[in-house]
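So the structure is just underneath, and the comments pick up after that.
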Amino acid sequence: MFLRLRLPLLLTLLAGLVPVVAFFFKDEARAVKAPASWLEQDMIIVAGFALLLGVVNVVQSNMKKIERRDKGWFFAVVLLGGMAVTGLVGALGAFRIGGLPGIGNYPDGRPTPFAWCANYLFTPLQATMFSLLAFYIASAAFRAFRVRNVAATILLVAAVVVMLGRIPVGEGVFGRFTEWLMQIPNGAAQRGIIIGAALGAASLSLRVILGIERSYLGLDKGE
Amino acid sequence: MAYFDISRVNALTLFIFFCIVVILFIEKARADRNLYIRRIAGLNAIDEAVGRATELGKKVLYIPGIMSIDENQTIASLAVLAHVARMTARYATDLDVPNKDPLTFASARETVKEAYTLEGRPDLYQESMVHYVTYDQFAFTAAVSGIMVRERPAANFLIGSFYAESLLLAETGQASGAIQIAGTAEVAQLPFFVCACDYTLIGEELYAAGAYLSRQPAMLGSIKGQDWTKAAVGAAIILGVLLESLHLFPGFKAFFSIQ
Amino acid sequence: MAKGIAKLQTIDRRWIFLLIALGTLIPIVLPIGFPVTITPPVKSIYDLIETFGPGDVVILSYDYGPTTGAENDPMADAILRHCFSRDVKVVALALYPLGGLTSLSNSLNRVTAEFPELEYGVDYVNLGYKDGGQASMKLLADDFAKAFPGDTNGRPLAEIPLMQQIKGAREAKLAVSIATGIIGEWWANLINAQFGLPVAVGCTAVSAPKYYAYLEAKQMIGLIGGLKGASEYERMVKEGYPATREAYANPLLQTASKGMDAQTIDHLIVIAFIVIGNIAYFASRRGKGQA
Amino acid sequence: MPAYAFIGTWVAALLTLFLMSFLYKDNPFFRFAEALFAGVSLGYYIGITLDQTLRPNLLEPLAQNGVTPTNFHLLFAGLLGLNLYTRYIPRIAWLARLSLAVYVGYYVGINMVQKLQGEVLPQSAATMVDLTGGGNGALAAFNAVVVFVGVISVLIYFFFSLPHDGVVGRVSRLGIWFLMLGFGAAFGYTVMGRVSLLIGRFNFLVIDWIGGTMRALGGG
């Protein structure tokens, strides 16, 4: 029981103290700084390993859908196919197998198969999904900005003034006021949020280091 | 102490002050179990949202942000997830937790599994409740949007660290008719959650949420401690403004500046 | 009547989507050309390049990728057209890892096609992409060859006539960074601060507030902010150099003025819907009050 | 236009339209693009992780130099990484938690000092304004008052230990108004950036796809 419950909490405590202590020392204090920088490099690698955890889950659940011929199983085939092809040409490139120069372009500018997938499948899909925001921001504004009460009215007026201040037809009237709104009142509100949230985050850190907050480990036994 | 970084003496002072105050209040809370913490509107709505999903026989969708567990907002979100999962276990409501980050995925699984065990319903827990989607922000958004329109969850929780996908998810969820409770400390995304969700936990409220919901004395004590540190910071700001306005003792403001 | 208006509150949001799509698409196909007023931060860049002539060299750094091309491409293109119209030489390079090289090559191909008299290696050079950010930037300030041994096709710099005239970036007249993120700041606080080379930046609207601080601190001689700034520069180039008007009239060319048109229309659509929503909201409340 | 680019542009254009069709309603074309996107993006990150993290940070240092005193910690990293997979072996599944514990511990430690030093201190210092405007005129003084009142009232809104009534209630109401003013302004400001993303997509469809195809067919 000690191992299962206390060991993880002890490791959290130790791993948490390393960067905190290192933070207050100069670079010359190598005995303190070195473990922190090792841990930093190591955590990047751990995160790299974690991706496969996700891949395993995706393969398992989609294979199940295909085997059971669930509704929409065809899309599970598309998903796994896309992943297998892109992942395979990526792995071949990463290890320079089959004459591939890597995962970018050939010296003459032609794309490797992985770069082709990145340029013509991944990037346009990403950019398109991102661009849908232009539509959603309009529909959200339409629905949310109503003169319901004081707070909602302030929200509405500030948004409309800034929108007018950013286009040629309204710039002359609202341009300067827009900059003022963004810098002074908006700056003050943001600063209040940041100070409060930073203290909240620090308090959470302390709870985790002390082993009080542990739901992220599934050790939520209470006191 | 030649190795001590003297330029960080101000940070060290704040750090020590903060730790002492928080730990003192944690100890105090363990002795006196009646600490006052005011209501936080978004948190009281959680029960209502899960209740509605139960009534309608639909699922609860919980998105723990898109960042990894190296981000404190994610850890704060998992603490809220622990509470939500206990409720869905109690009412035997379906829960769905899609993930963008693989480590968050691994953590969220532990969290949900434990919540179902604690509620005495490990039989209801299924591995498929917490699942992985993809590492790309917008591919994840597309997939979750698909879940929202096809499976029409009755309650959407968007709690954690969000970026540009905040409004894409919140608008899609809104159009699908779900009750939406959001929470983030990403200042740039707060306007969108405030506009498109029913309740929004703003900044510090997100970090306090897990502690507030757990009702454990030590947790509440840490909120008290952070609260009084905040009061001290506020008092220091007021003092600093007075000194600056009277052009006295510029060293006070300089002490708070870094570098 | 009030009931009819009140219904607008719950109008299908797809009508809004349709109008936004049209408001964005139509100006791309049929430009309108809303008038833009020229602002000082943009004009000071134009004015400085106006003082350059044949033999002067400008460095143009592509510190953005295709994702922000809608805002950044027209800036880079306008600077190129301005320089080429005055026979000013251009050394182009890319420091942005996520597609900086793609943006650089496309932009050069686009604009040099409009100036058939230009000769590669004499009037302009494409050095390609180099990673390493600030480290590369420091190297190329003294000696381009240290950061870029060859141009984008691997031709040694020593064999390129233009690169024989100029050894390091500090010998140029001006460096222009078209940037999406932090790299433009490095040009100001590294190259301008350490080598005194005048620096101008063109940035996306989202990052403009940050760059204004450098402008005010005089670490930059000018700033082109977002589509608005780009459309101002376009207007000055079109008015100053009538020969470029033909290129700008090409319906298949993406320009900042078209983008600015779309932006203006979309803002007005959103505002119109907010007004409609509120009228409907009041109508519904009055309707309830009477009942 | 080379063949790979011609085909690629067509594929990209169709996928763009498939995704956009979601605005009308969910449909099989969107589902196709959505599934392909999920798969390709996962494959993309497999390639990127192998090429840019595991090879240069783990495999190459160990392969080139062997295990040395300065890099033996990489073995620890590899072990922690592999340990994540013990969750698939029921008897030792709990071991996976140890990796999570170290990972979370390290980052909450970093976050704690960074938030206190990098956010609380400088943001507080920046709020210590000279209410007289420091000789920069009435507007500067007014701005200083607005900043000061805004920050303090928002901080009071976030104070959890007192109920929102009486004076605290009124000040925190002011705090909410500041928040709404800030949110509204930020919302309006962002519309522009989002519209330019859409312009970028439409430029691609009109200029690169339709225009490019016309040029290619016209023998250009």
Side-chain angles (χ1 to χ4, degrees), chain B residues 8 10-11 14-15 18 35-38 40 69-72 75 103 106-107 109-110 133-136 138-140 142-143 145-146 149-150 187-188 190-192 194-195 202-205 208 212 223-224 227-228 230-231 233-234 236-238 240-241 243-245 247 252-254 256-258, chain D residues 19 22 25-26 30-31 33-35 37-42 44-45 84 87 96-97 99-100 103-104 106-108 110-113 115-118 120-122 124-125 127-132 134 144 148 151-152 155-156 158-164 179-180 182-187 190:
Chain B
R8 289 183 172 169
N10 51 4
L14 177 62
F15 176 77
F18 181 79
L35 284 185
Y36 174 81
I37 301 279
R38 73 167 167 81
I40 299 174
I69 46 175
D70 56 3
E71 167 60 56
N72 279 17
I75 309 213
L103 283 169
S107 257
R109 263 192 169 174
E110 303 289 341
V133 180
T134 173
Y135 197 66
D136 181 70
F138 290 110
F140 174 75
S145 301
V149 298
R150 273 167 228 140
V187 179
L190 277 167
F192 306 117
V194 167
C195 286
I202 300 171
E204 196 178 355
E205 293 174 339
Y212 179 91
I223 299 187
K224 278 277 184 194
D227 232 11
W228 289 107
K230 187 165 49 204
V233 169
I237 291 176
I238 294 173
V241 166
L243 292 174
E244 284 296 304
S245 304
H247 305 285
F252 185 78
K253 179 175 176 176
F256 285 81
S257 311
I258 51 174
Chain D
L19 269 194
F22 182 66
K25 68 178 203 191
D26 187 31
F30 171 75
R31 284 196 79 172
E34 176 208 315
F37 192 7
V40 167
S41 63
L42 209 45
Y44 176 83
Y45 284 103
L84 286 170
R87 88 174 307 284
R97 275 182 193 152
S99 299
L100 295 177
Y103 191 85
V104 168
Y106 173 74
Y107 283 107
V108 293
I110 287 201
N111 289 341
M112 182 169 181
V113 280
K115 296 275 176 188
L116 291 177
Q117 193 241 6
V120 177
L121 287 177
S124 305
T127 313
M128 294 176 192
V129 285
D130 180 351
L131 296 181
T132 64
F148 173 60
V151 173
I152 294 292
L155 279 183
I156 288 179
F158 283 121
F159 203 69
F160 300 113
S161 296
L162 293 170
H164 277 173
L179 290 176
M180 291 303 145
F183 291 160
F187 191 111
T190 317

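- For the atom pair Asp136(B) CG and Tyr45(D) OH, the distance stands at 4.5 Å (nearest 0.5 Å).
- Between Ile40(B) atom CD1 and Phe158(D) atom CZ the span is 10.0 Å, to the nearest 0.5 Å.
- Residues Leu19(D) and Phe138(B) form no side-chain contact, since every pair of their non-hydrogen atoms from C-beta on lies 4.5 Å or further apart.
- Closest heavy-atom contact between Arg38(B) and Phe159(D): NE-O, 3.1 Å.
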message: Is there a side chain to side chain contact (heavy atoms under 4.5 Å, CB included) between Ile238(B) and Phe148(D)? Walk through the geometry before answering.
response: CA-CA 8 Å; Ile238(B) 294 173; Phe148(D) 173 60; 4.0 Å; yes
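- Taking 4.5 Å as the limit, every side-chain heavy atom of Tyr107(D) sits out of range of all side-chain heavy atoms of Ile69(B).
- To the nearest 0.5 Å, atom CE of residue Met180(D) and atom SG of residue Cys195(B) are 8.5 Å apart.
- Proximity to chain B (any heavy atom under 4.5 Å) is restricted, for Ile152(D), to the side chain, taken from C-beta onward.
- Between Val149(B) and Phe22(D), the closest side-chain pair of non-hydrogen atoms falls below 4.5 Å.
- The nearest pair of heavy atoms linking Glu34(D) to Ala143(B) is OE2-CA, 3.6 Å.
- The closest side-chain heavy-atom distance from Phe37(D) to Thr134(B) is not below 4.5 Å.
- Both the backbone and the side chain of Glu205(B) come within less than 4.5 Å of a heavy atom in chain D.
- Pro191(B) and Phe183(D) get closest at one heavy-atom pair: CB-O, 3.5 Å.
- Atom-to-atom distance recorded for Leu243(B):CG and Asp130(D):CG is 11.0 Å, nearest 0.5 angstrom.
- Within the model, atoms CG of Leu14(B) and CG of Leu121(D) stand 5.0 Å from one another, a figure rounded to the nearest 0.5 Å.
- With a 4.5 Å cut-off on non-hydrogen atoms, Phe30(D) touches chain B through its side chain but not through its backbone.
- Residues Asp70(B) and Ile110(D) have side chains not in contact (no heavy-atom distance under 4.5 Å, counting atoms from C-beta outward).
- Only the side chain of Ile223(B) comes within less than 4.5 Å of a heavy atom of chain D; its backbone N, CA, C and O stay farther away.
- Ala208(B) touches chain D through its side chain: at least one heavy atom from C-beta onward sits under 4.5 Å away, while N, CA, C and O do not.
- Heavy atoms of Val40(D) lying under 4.5 Å from chain B are absent altogether.
- Phe160(D) and Trp228(B) have their aromatic ring centers separated by at least 6.0 angstrom.
- Only the side chain of Arg87(D) comes within less than 4.5 Å of a heavy atom of chain B; its backbone N, CA, C and O stay farther away.
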- prompt: Would Leu103(B) and Val104(D) count as a side chain to side chain contact (heavy atoms under 4.5 Å, CB included) if you check the C-alpha gap in whole Å, the side-chain angles of each, and the deciding distance to 0.1 Å?
  reply: CA-CA 10 Å; Leu103(B) 283 169; Val104(D) 168; over 6 Å; no
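- Counting only heavy atoms from C-beta outward, the side chains of Thr132(D) and His247(B) approach each other to under 4.5 Å.
- Contact annotation for Thr190(D): only side-chain heavy atoms (C-beta onward) come within less than 4.5 Å of a heavy atom of chain B.
- Listed here is the closest heavy atom pair of Glu244(B) and Met128(D): CG-O, 3.4 Å.
- Put simply, the side chain of Ser41(D) does not reach to within 4.5 Å of the side chain of Phe140(B), judged on heavy atoms.
- Across every non-hydrogen atom of Val108(D) and Asn72(B), the tightest pair is CG1-OD1, 3.6 Å.
- Of the two parts of Ile156(D), neither the backbone nor the side chain holds a non-hydrogen atom closer than 4.5 Å to a non-hydrogen atom of chain B.
- In plain terms, the two heavy atoms of Tyr36(B) and Pro163(D) that are nearest each other are OH-CB, 3.3 Å.
- Of all the listed residues (Tyr212(B), Tyr135(B), Phe15(B), Phe18(B)), the one sharing the greatest number of non-hydrogen pairs under 4.5 Å with chain D is Tyr135(B).
- Atom CD in Glu204(B) sits 8.0 Å away from atom CG in Leu155(D) (nearest 0.5 Å).
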